[in-house]
S.K.: 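My structure is below; once you've seen it, I'll send some questions.
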Amino acid sequence: VSDRVETPCLRLDLDRLEVNLDEMAERSRAAGVALRPHVKTHKMAALGQWQMERGAVGLTTAKLSEAEALARHGLNEMFVCYPLVGDARLHRLRRLARAIHVMTIVDSEVVAAGLARAVRAEARPLDVLIKLDAGSHRVGVDPERARELAELVARMPELRLRGVCIHEGSTYGEPEPELRRAIARKEAERLVATARGLRSDGHEIEIVSAGSTPGVEGVLPVDGVTEIRPGNYVFNDLNQVALGVVGLERCALSVFTTVVSRPASGRAIVDAGAKALTLDRGAHGTRLLSGFGAVVGRPDVTVARLSEEHGWLELGSAGNLAVGEMLEIVPNHACAVVNNFDRALLTRDGSVVDVWPVDARGCMT
Ligand code: PLP
(Lines give C-alpha, C1' and ligand atoms only; values in the text may rest on other atoms or scores of the structure.)
Protein backbone atom coordinates (compact mmCIF):
# COMPACT_ATOMS: atom_id res chain seq x y z
CA VAL A 1 0.00 0.00 0.00
CA SER A 2 2.69 2.47 1.06
CA ASP A 3 3.81 3.46 -2.44
CA ARG A 4 0.21 4.22 -3.51
CA VAL A 5 -1.04 6.55 -0.81
CA GLU A 6 -0.56 10.07 0.38
CA THR A 7 -1.10 10.41 4.09
CA PRO A 8 -2.99 10.99 6.24
CA CYS A 9 -5.65 8.86 4.58
CA LEU A 10 -8.57 6.72 5.58
CA ARG A 11 -8.34 2.98 5.13
CA LEU A 12 -11.07 0.36 5.26
CA ASP A 13 -10.13 -3.28 5.64
CA LEU A 14 -12.64 -5.09 3.43
CA ASP A 15 -12.39 -8.48 5.13
CA ARG A 16 -13.11 -6.98 8.54
CA LEU A 17 -15.84 -4.76 7.16
CA GLU A 18 -17.60 -7.76 5.63
CA VAL A 19 -17.34 -9.73 8.87
CA ASN A 20 -18.88 -6.80 10.79
CA LEU A 21 -21.69 -6.33 8.27
CA ASP A 22 -22.49 -10.03 7.99
CA GLU A 23 -22.40 -10.63 11.72
CA MET A 24 -24.87 -7.86 12.59
CA ALA A 25 -27.16 -8.84 9.70
CA GLU A 26 -27.13 -12.43 10.96
CA ARG A 27 -27.66 -11.49 14.63
CA SER A 28 -30.70 -9.38 13.84
CA ARG A 29 -32.07 -12.03 11.47
CA ALA A 30 -31.59 -14.78 14.07
CA ALA A 31 -33.42 -12.66 16.66
CA GLY A 32 -36.27 -11.94 14.22
CA VAL A 33 -35.59 -8.21 14.51
CA ALA A 34 -35.19 -5.76 11.62
CA LEU A 35 -31.94 -3.83 11.10
CA ARG A 36 -32.03 -0.12 10.25
CA PRO A 37 -28.36 0.86 10.62
CA HIS A 38 -27.30 4.38 11.47
CA VAL A 39 -25.15 5.76 8.66
CA LYS A 40 -23.52 8.46 10.81
CA THR A 41 -20.54 6.11 11.10
CA HIS A 42 -19.73 5.60 7.41
CA LYS A 43 -21.63 8.32 5.48
CA MET A 44 -21.04 6.32 2.29
CA ALA A 45 -23.71 5.45 -0.26
CA ALA A 46 -21.85 2.31 -1.35
CA LEU A 47 -21.78 1.01 2.19
CA GLY A 48 -25.44 1.90 2.75
CA GLN A 49 -26.16 -0.14 -0.37
CA TRP A 50 -24.22 -3.09 1.06
CA GLN A 51 -26.25 -2.86 4.26
CA MET A 52 -29.49 -2.88 2.27
CA GLU A 53 -28.30 -5.84 0.19
CA ARG A 54 -27.65 -7.70 3.44
CA GLY A 55 -31.25 -7.23 4.49
CA ALA A 56 -31.46 -3.84 6.23
CA VAL A 57 -35.02 -2.47 6.11
CA GLY A 58 -33.75 1.09 5.71
CA LEU A 59 -31.08 3.46 6.95
CA THR A 60 -30.99 5.87 9.88
CA THR A 61 -29.44 9.35 9.81
CA ALA A 62 -29.05 12.23 12.27
CA LYS A 63 -29.07 14.95 9.64
CA LEU A 64 -31.63 15.61 6.95
CA SER A 65 -28.71 16.47 4.65
CA GLU A 66 -27.25 12.98 5.20
CA ALA A 67 -30.54 11.49 4.02
CA GLU A 68 -30.55 13.87 1.04
CA ALA A 69 -26.96 12.96 0.13
CA LEU A 70 -27.64 9.23 0.22
CA ALA A 71 -30.98 9.59 -1.58
CA ARG A 72 -29.06 11.13 -4.50
CA HIS A 73 -27.39 7.72 -4.82
CA GLY A 74 -30.63 5.79 -4.94
CA LEU A 75 -31.09 4.93 -1.26
CA ASN A 76 -34.76 5.48 -0.73
CA GLU A 77 -35.74 4.38 2.79
CA MET A 78 -34.54 6.83 5.43
CA PHE A 79 -35.25 7.43 9.11
CA VAL A 80 -33.99 10.85 10.21
CA CYS A 81 -33.76 10.18 13.93
CA TYR A 82 -33.37 13.77 15.10
CA PRO A 83 -35.85 16.53 15.90
CA LEU A 84 -36.31 18.51 12.65
CA VAL A 85 -36.78 22.17 13.51
CA GLY A 86 -36.89 25.33 11.39
CA ASP A 87 -38.76 26.33 8.25
CA ALA A 88 -35.84 25.95 5.83
CA ARG A 89 -35.21 22.41 7.02
CA LEU A 90 -38.90 21.51 6.95
CA HIS A 91 -39.12 22.78 3.39
CA ARG A 92 -36.30 20.38 2.47
CA LEU A 93 -38.02 17.57 4.33
CA ARG A 94 -41.16 18.08 2.23
CA ARG A 95 -39.08 17.88 -0.95
CA LEU A 96 -37.26 14.75 0.19
CA ALA A 97 -40.51 13.07 1.25
CA ARG A 98 -41.78 13.48 -2.32
CA ALA A 99 -38.76 11.61 -3.67
CA ILE A 100 -38.24 8.80 -1.14
CA HIS A 101 -39.86 7.32 1.96
CA VAL A 102 -38.72 9.30 5.02
CA MET A 103 -39.61 8.88 8.67
CA THR A 104 -38.59 11.13 11.51
CA ILE A 105 -39.15 11.63 15.24
CA VAL A 106 -41.36 13.71 17.47
CA ASP A 107 -40.42 14.63 21.03
CA SER A 108 -42.37 17.87 21.48
CA GLU A 109 -45.55 19.60 20.38
CA VAL A 110 -43.49 22.19 18.50
CA VAL A 111 -41.71 19.55 16.43
CA ALA A 112 -44.99 17.73 15.69
CA ALA A 113 -46.70 20.98 14.64
CA GLY A 114 -43.78 21.95 12.37
CA LEU A 115 -43.78 18.56 10.65
CA ALA A 116 -47.54 18.67 10.17
CA ARG A 117 -47.33 22.17 8.70
CA ALA A 118 -44.55 21.10 6.34
CA VAL A 119 -46.52 18.27 4.75
CA ARG A 120 -50.01 19.79 5.01
CA ALA A 121 -50.69 19.91 1.26
CA GLU A 122 -49.00 16.60 0.49
CA ALA A 123 -50.75 13.48 -0.72
CA ARG A 124 -49.23 11.17 1.91
CA PRO A 125 -48.98 11.64 5.67
CA LEU A 126 -45.49 11.75 7.17
CA ASP A 127 -44.49 8.72 9.24
CA VAL A 128 -43.21 9.59 12.71
CA LEU A 129 -41.91 7.75 15.76
CA ILE A 130 -42.01 9.13 19.27
CA LYS A 131 -38.55 9.40 20.73
CA LEU A 132 -38.12 8.32 24.33
CA ASP A 133 -35.27 9.34 26.62
CA ALA A 134 -33.29 6.20 27.43
CA GLY A 135 -31.11 7.65 30.14
CA SER A 136 -28.87 9.97 28.12
CA HIS A 137 -31.11 12.94 28.96
CA ARG A 138 -30.52 14.29 25.49
CA VAL A 139 -33.61 14.36 23.30
CA GLY A 140 -36.68 12.23 23.95
CA VAL A 141 -39.50 12.12 26.48
CA ASP A 142 -40.57 9.91 29.37
CA PRO A 143 -43.37 7.36 28.88
CA GLU A 144 -46.07 9.64 30.36
CA ARG A 145 -45.23 12.46 27.92
CA ALA A 146 -45.13 9.86 25.14
CA ARG A 147 -48.83 9.18 25.77
CA GLU A 148 -49.66 12.87 25.49
CA LEU A 149 -47.62 13.23 22.32
CA ALA A 150 -49.23 10.14 20.80
CA GLU A 151 -52.68 11.70 21.42
CA LEU A 152 -51.54 14.92 19.80
CA VAL A 153 -50.07 13.15 16.75
CA ALA A 154 -53.23 11.06 16.40
CA ARG A 155 -55.20 14.29 16.02
CA MET A 156 -52.94 15.48 13.17
CA PRO A 157 -54.02 13.97 9.85
CA GLU A 158 -50.72 15.06 8.28
CA LEU A 159 -48.76 12.70 10.55
CA ARG A 160 -48.97 8.94 10.96
CA LEU A 161 -47.66 7.49 14.22
CA ARG A 162 -45.62 4.41 13.33
CA GLY A 163 -43.79 3.62 16.52
CA VAL A 164 -41.47 4.49 19.35
CA CYS A 165 -37.68 4.59 19.55
CA ILE A 166 -34.70 5.07 21.85
CA HIS A 167 -30.95 5.50 21.57
CA GLU A 168 -29.57 3.66 24.59
CA GLY A 169 -26.43 5.82 24.59
CA SER A 170 -25.90 5.39 28.33
CA THR A 171 -24.47 1.93 27.50
CA TYR A 172 -21.29 3.81 26.49
CA GLY A 173 -20.81 4.82 30.11
CA GLU A 174 -20.69 1.26 31.47
CA PRO A 175 -17.49 -0.73 30.81
CA GLU A 176 -18.66 -3.85 32.67
CA PRO A 177 -20.33 -6.10 30.03
CA GLU A 178 -22.86 -7.65 32.40
CA LEU A 179 -23.98 -4.28 33.77
CA ARG A 180 -24.06 -2.81 30.25
CA ARG A 181 -26.32 -5.62 29.06
CA ALA A 182 -28.57 -4.95 32.05
CA ILE A 183 -28.79 -1.21 31.20
CA ALA A 184 -29.68 -1.96 27.57
CA ARG A 185 -32.22 -4.60 28.60
CA LYS A 186 -33.89 -2.28 31.08
CA GLU A 187 -34.16 0.54 28.53
CA ALA A 188 -35.50 -1.83 25.87
CA GLU A 189 -38.06 -3.21 28.32
CA ARG A 190 -39.20 0.32 29.13
CA LEU A 191 -39.50 1.00 25.39
CA VAL A 192 -41.60 -2.14 24.87
CA ALA A 193 -43.78 -1.31 27.88
CA THR A 194 -44.38 2.17 26.47
CA ALA A 195 -45.33 0.66 23.10
CA ARG A 196 -47.82 -1.65 24.86
CA GLY A 197 -49.30 1.27 26.78
CA LEU A 198 -49.76 3.25 23.58
CA ARG A 199 -51.40 0.26 21.90
CA SER A 200 -53.81 -0.06 24.79
CA ASP A 201 -54.64 3.63 24.30
CA GLY A 202 -55.68 2.66 20.76
CA HIS A 203 -52.58 3.62 18.79
CA GLU A 204 -51.12 1.38 16.15
CA ILE A 205 -47.49 0.92 17.15
CA GLU A 206 -45.67 -1.20 14.59
CA ILE A 207 -42.08 -0.11 15.09
CA VAL A 208 -40.30 -0.53 18.42
CA SER A 209 -36.77 0.63 17.66
CA ALA A 210 -33.62 0.65 19.78
CA GLY A 211 -30.19 1.65 18.58
CA SER A 212 -26.57 1.51 19.67
CA THR A 213 -23.64 -0.82 19.09
CA PRO A 214 -22.82 -1.52 22.76
CA GLY A 215 -26.53 -2.03 23.50
CA VAL A 216 -27.28 -4.67 20.86
CA GLU A 217 -26.48 -7.60 23.10
CA GLY A 218 -28.86 -6.47 25.83
CA VAL A 219 -31.61 -5.30 23.48
CA LEU A 220 -31.93 -8.25 21.09
CA PRO A 221 -33.34 -10.77 23.58
CA VAL A 222 -36.10 -8.39 24.73
CA ASP A 223 -39.44 -9.55 23.42
CA GLY A 224 -41.33 -6.81 21.60
CA VAL A 225 -38.37 -4.91 20.14
CA THR A 226 -38.95 -4.93 16.37
CA GLU A 227 -35.74 -3.33 15.12
CA ILE A 228 -32.22 -2.21 16.00
CA ARG A 229 -30.23 0.74 14.62
CA PRO A 230 -26.55 0.22 15.44
CA GLY A 231 -24.12 2.39 13.49
CA ASN A 232 -20.60 2.03 14.79
CA TYR A 233 -20.54 -1.76 14.31
CA VAL A 234 -19.59 -1.42 10.62
CA PHE A 235 -16.10 -0.22 11.54
CA ASN A 236 -15.83 -0.42 15.34
CA ASP A 237 -13.13 1.67 17.04
CA LEU A 238 -11.09 1.95 20.24
CA ASN A 239 -14.21 2.95 22.13
CA GLN A 240 -15.79 -0.42 21.38
CA VAL A 241 -12.51 -2.20 22.14
CA ALA A 242 -12.18 -0.39 25.49
CA LEU A 243 -15.74 -1.38 26.35
CA GLY A 244 -15.00 -4.99 25.42
CA VAL A 245 -17.67 -5.03 22.69
CA VAL A 246 -15.11 -6.31 20.14
CA GLY A 247 -11.38 -6.95 19.93
CA LEU A 248 -8.94 -4.77 17.96
CA GLU A 249 -9.01 -7.38 15.17
CA ARG A 250 -12.59 -6.32 14.39
CA CYS A 251 -11.68 -2.66 13.77
CA ALA A 252 -12.11 -2.15 10.02
CA LEU A 253 -11.22 1.53 9.87
CA SER A 254 -7.82 3.07 10.37
CA VAL A 255 -5.79 6.09 9.36
CA PHE A 256 -2.51 5.73 7.50
CA THR A 257 0.01 8.31 8.63
CA THR A 258 3.69 9.06 7.98
CA VAL A 259 6.47 9.91 10.42
CA VAL A 260 7.56 13.40 9.42
CA SER A 261 9.98 14.30 12.21
CA ARG A 262 12.06 12.76 15.04
CA PRO A 263 12.66 15.71 17.34
CA ALA A 264 13.90 13.65 20.31
CA SER A 265 14.89 10.06 21.04
CA GLY A 266 11.61 9.03 22.63
CA ARG A 267 9.38 11.01 20.29
CA ALA A 268 8.16 10.88 16.71
CA ILE A 269 5.82 13.29 14.93
CA VAL A 270 3.30 12.01 12.38
CA ASP A 271 1.16 13.85 9.84
CA ALA A 272 -2.14 12.77 11.44
CA GLY A 273 -3.21 15.39 13.96
CA ALA A 274 -6.55 16.42 15.38
CA LYS A 275 -7.78 17.28 11.89
CA ALA A 276 -7.54 13.59 10.99
CA LEU A 277 -7.98 11.70 14.27
CA THR A 278 -10.10 14.23 16.24
CA LEU A 279 -9.65 14.96 19.95
CA ASP A 280 -12.53 12.62 20.79
CA ARG A 281 -11.86 10.69 23.97
CA GLY A 282 -15.02 8.60 23.89
CA ALA A 283 -18.75 9.10 23.80
CA HIS A 284 -21.28 9.49 26.57
CA GLY A 285 -19.06 9.67 29.61
CA THR A 286 -16.61 6.90 28.83
CA ARG A 287 -13.30 7.58 30.56
CA LEU A 288 -11.50 4.50 29.33
CA LEU A 289 -9.26 5.94 26.64
CA SER A 290 -6.00 7.63 27.46
CA GLY A 291 -4.42 8.35 24.06
CA PHE A 292 -5.77 9.33 20.65
CA GLY A 293 -5.57 6.01 18.85
CA ALA A 294 -3.73 2.68 18.73
CA VAL A 295 -0.73 2.22 16.43
CA VAL A 296 -1.25 -1.13 14.73
CA GLY A 297 1.50 -3.64 15.50
CA ARG A 298 3.32 -1.19 17.77
CA PRO A 299 2.04 -1.57 21.32
CA ASP A 300 5.23 0.20 22.46
CA VAL A 301 4.06 3.45 20.78
CA THR A 302 1.49 5.83 22.30
CA VAL A 303 -0.43 8.54 20.43
CA ALA A 304 0.08 10.96 23.28
CA ARG A 305 -0.93 14.39 21.97
CA LEU A 306 -2.44 15.99 18.90
CA SER A 307 -2.34 19.47 17.51
CA GLU A 308 -4.23 20.29 14.36
CA GLU A 309 -1.74 18.85 11.85
CA HIS A 310 0.69 16.93 14.08
CA GLY A 311 0.51 13.79 16.17
CA TRP A 312 2.99 13.25 19.02
CA LEU A 313 4.04 9.62 19.35
CA GLU A 314 5.85 8.49 22.46
CA LEU A 315 8.12 5.51 21.92
CA GLY A 316 8.92 2.82 24.44
CA SER A 317 12.57 2.53 25.47
CA ALA A 318 13.41 -0.06 22.79
CA GLY A 319 11.25 1.57 20.13
CA ASN A 320 12.46 3.20 16.98
CA LEU A 321 10.78 4.92 14.07
CA ALA A 322 12.33 6.49 10.97
CA VAL A 323 11.23 9.64 9.18
CA GLY A 324 9.23 8.50 6.15
CA GLU A 325 7.92 5.35 7.84
CA MET A 326 4.18 4.76 7.38
CA LEU A 327 2.05 3.71 10.34
CA GLU A 328 -1.55 2.72 10.78
CA ILE A 329 -3.65 4.14 13.63
CA VAL A 330 -7.01 2.80 14.78
CA PRO A 331 -8.91 5.85 16.04
CA ASN A 332 -10.88 6.33 19.25
CA HIS A 333 -14.13 7.27 17.48
CA ALA A 334 -14.57 6.09 13.90
CA CYS A 335 -17.70 8.15 13.10
CA ALA A 336 -16.01 11.47 13.80
CA VAL A 337 -12.85 10.49 11.90
CA VAL A 338 -14.72 9.50 8.72
CA ASN A 339 -16.19 12.99 8.58
CA ASN A 340 -12.66 14.38 8.12
CA PHE A 341 -11.93 12.58 4.85
CA ASP A 342 -13.27 12.93 1.30
CA ARG A 343 -12.65 9.29 0.47
CA ALA A 344 -11.56 5.97 1.89
CA LEU A 345 -9.21 3.38 0.43
CA LEU A 346 -10.58 -0.13 0.50
CA THR A 347 -7.89 -2.70 1.00
CA ARG A 348 -7.78 -6.47 0.86
CA ASP A 349 -4.69 -8.48 1.75
CA GLY A 350 -2.66 -5.29 1.95
CA SER A 351 -3.60 -4.03 -1.54
CA VAL A 352 -5.86 -1.13 -2.46
CA VAL A 353 -8.81 -2.60 -4.37
CA ASP A 354 -11.19 0.40 -4.51
CA VAL A 355 -11.75 3.98 -3.41
CA TRP A 356 -15.10 5.07 -2.00
CA PRO A 357 -16.24 8.67 -1.62
CA VAL A 358 -17.58 9.76 1.77
CA ASP A 359 -20.79 10.99 0.16
CA ALA A 360 -22.38 12.55 3.24
CA ARG A 361 -19.16 14.04 4.58
CA GLY A 362 -19.67 17.35 6.35
CA CYS A 363 -23.48 17.15 6.20
CA MET A 364 -24.28 19.59 8.94
CA THR A 365 -27.93 20.59 8.53
N1 PLP B 1 -29.55 5.86 16.86
C2 PLP B 1 -29.30 7.11 17.30
C3 PLP B 1 -30.43 8.06 17.50
C4 PLP B 1 -28.00 7.52 17.59
O5 PLP B 1 -27.78 8.77 18.04
C6 PLP B 1 -26.94 6.60 17.39
C7 PLP B 1 -25.57 6.99 17.69
O8 PLP B 1 -25.25 8.05 18.15
C9 PLP B 1 -27.24 5.31 16.93
C10 PLP B 1 -28.56 4.98 16.67
C11 PLP B 1 -26.16 4.29 16.68
O12 PLP B 1 -25.39 4.02 17.82
P13 PLP B 1 -23.91 3.43 17.73
O14 PLP B 1 -23.08 4.46 17.08
O15 PLP B 1 -23.54 3.12 19.13
O16 PLP B 1 -24.00 2.19 16.92
Side-chain angles (χ1 to χ4, degrees), residues 17 20-21 23-25 27-28 33-43 47-48 51 56-64 66-67 78-84 103-107 111 128-141 163-175 177 180-181 183-184 187-188 191 207-220 225-246 250-253 278 280 282-286 288 331-339 360 363:
L17 177 60
N20 294 343
L21 289 169
E23 194 215 43
M24 193 60 80
R27 282 174 83 181
S28 58
V33 164
L35 180 61
R36 198 186 301 273
H38 206 304
V39 301
K40 71 197 289 278
T41 306
H42 59 73
K43 303 172 171 66
L47 198 29
Q51 289 173 314
V57 294
L59 301 173
T60 306
T61 75
K63 302 293 186 175
L64 184 61
E66 290 172 331
M78 295 287 172
F79 175 32
V80 184
C81 193
Y82 200 93
L84 294 176
M103 303 193 297
T104 186
I105 58 164
V106 165
D107 77 339
V111 167
V128 297
L129 279 70
I130 291 178
K131 180 92 189 264
L132 298 167
D133 175 17
S136 305
H137 309 311
R138 210 167 60 174
V139 298
V141 295
V164 284
C165 66
I166 55 169
H167 166 54
E168 60 285 8
S170 53
T171 50
Y172 276 95
E174 181 48 71
R180 190 167 60 242
R181 264 194 299 278
I183 291 173
E187 294 301 343
L191 173 72
I207 300 175
V208 181
S209 175
S212 76
T213 296
V216 166
E217 219 183 335
V219 162
L220 276 182
V225 171
T226 69
E227 69 170 41
I228 53 169
R229 308 181 320 276
N232 192 271
Y233 78 96
V234 283
F235 299 149
N236 294 306
D237 53 23
L238 284 196
N239 256 315
Q240 306 297 346
V241 173
L243 287 168
V245 175
V246 290
R250 290 284 296 276
C251 291
L253 176 136
T278 81
D280 205 317
H284 304 297
T286 315
L288 298 173
N332 287 351
H333 187 187
C335 317
V337 168
V338 170
N339 200 43
C363 284

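For this chain, numbers begin at 1 and follow the sequence in order. Read the numbers this way: they start at 1 and go in the same order the structure lists the ligands and their atoms. Keep in mind it's a predicted model, so treat the numbers as computed, not measured.
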S.K.: Mind checking whether His167 contacts ligand 1 via backbone (N, CA, C, O), side chain (CB onward), both or neither, at a 4.0 Å heavy-atom cut-off?
M.R.: side chain
S.K.: Output the list of atoms in ligand 1 that are nearer than 4.0 Å to some heavy atom of Pro230, sorted by atom number.
M.R.: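 Once the distances to Pro230 are compared, the set is 16 (O).
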S.K.: Just one of Arg27, Arg181, Arg180 clears the side chain to side chain donor-acceptor pair (under 3.5 Å) bar with Glu217, so which one?
M.R.: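 In the set Arg27, Arg181, Arg180, the residue that makes a side chain to side chain donor-acceptor pair (under 3.5 Å) with Glu217 is Arg181.
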S.K.: Could you tell me whether some N/O pair between Asn232 and ligand 1 is separated by less than 3.5 angstrom?
M.R.: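 Between Asn232 and ligand 1 (N or O atoms, distance only) the closest approach is under 3.5 Å.
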S.K.: Examine distances only and state if a side-chain atom of Asp107 and a backbone atom of Gly140 form a donor-acceptor pair shorter than 3.5 Å.
M.R.: yes
S.K.: Run down the list Gln240, Arg138, Arg36 and name the one with the heavy atom closest to atom 5 (O) of ligand 1.
M.R.: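 Heavy atom nearest to atom 5 (O) of ligand 1 belongs to Arg138.
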S.K.: Indicate whether the side chain of Asp237 and that of Asn332 have a donor and an acceptor atom separated by less than 3.5 Å.
M.R.: no
S.K.: Is it the case that the side chain of Glu168 and the backbone of Gly211 share a donor-acceptor pair, with hydrogens and angles ignored and the cut-off at 3.5 Å?
M.R.: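 Yes; at least one donor-acceptor contact below 3.5 Å.
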S.K.: If you measure every N or O of Thr213 against every N or O of ligand 1, does any of those distances drop under 3.5 Å?
M.R.: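 There is such a contact, yes.
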S.K.: With heavy atoms under 4.0 Å as the rule, classify the contact between Tyr172 and ligand 1 as side chain, backbone, both or neither.
M.R.: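 Side chain only; the backbone of Tyr172 stays clear of ligand 1.
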S.K.: Closest by any non-hydrogen atom to atom 10 (C) of ligand 1: pick that one out of Glu168, Lys40, Arg229.
M.R.: Arg229
S.K.: Could you tell me whether Pro214 approaches ligand 1 through its side chain, its backbone, both or neither, with non-hydrogen atoms closer than 4.0 Å?
M.R.: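 Side chain only; the backbone of Pro214 stays clear of ligand 1.
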S.K.: Pairing donors with acceptors under 3.5 angstrom, does anything connect the side chains of Glu66 and Tyr82?
M.R.: no
S.K.: Heavy-atom contacts with Cys81 under 4.0 Å: which atoms of ligand 1 show up? List them by number with element.
M.R.: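 Within the 4.0 Å cut-off of Cys81, ligand 1 contributes 3 (C).
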S.K.: Is the shortest distance from a heavy atom of His333 to ligand 1 less than 4.0 Å?
M.R.: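 No, that is not the case, since the closest heavy atom of the residue is not under 4.0 Å from the ligand.
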S.K.: Can you find a side-chain donor-acceptor pair between Ser209 and Arg229 that sits under 3.5 Å?
M.R.: yes
S.K.: Could you check whether any side-chain N or O of Ser136 sits under 3.5 Å from a backbone N or O of Arg138, counting only pairs where one atom can act as donor and the other as acceptor?
M.R.: no
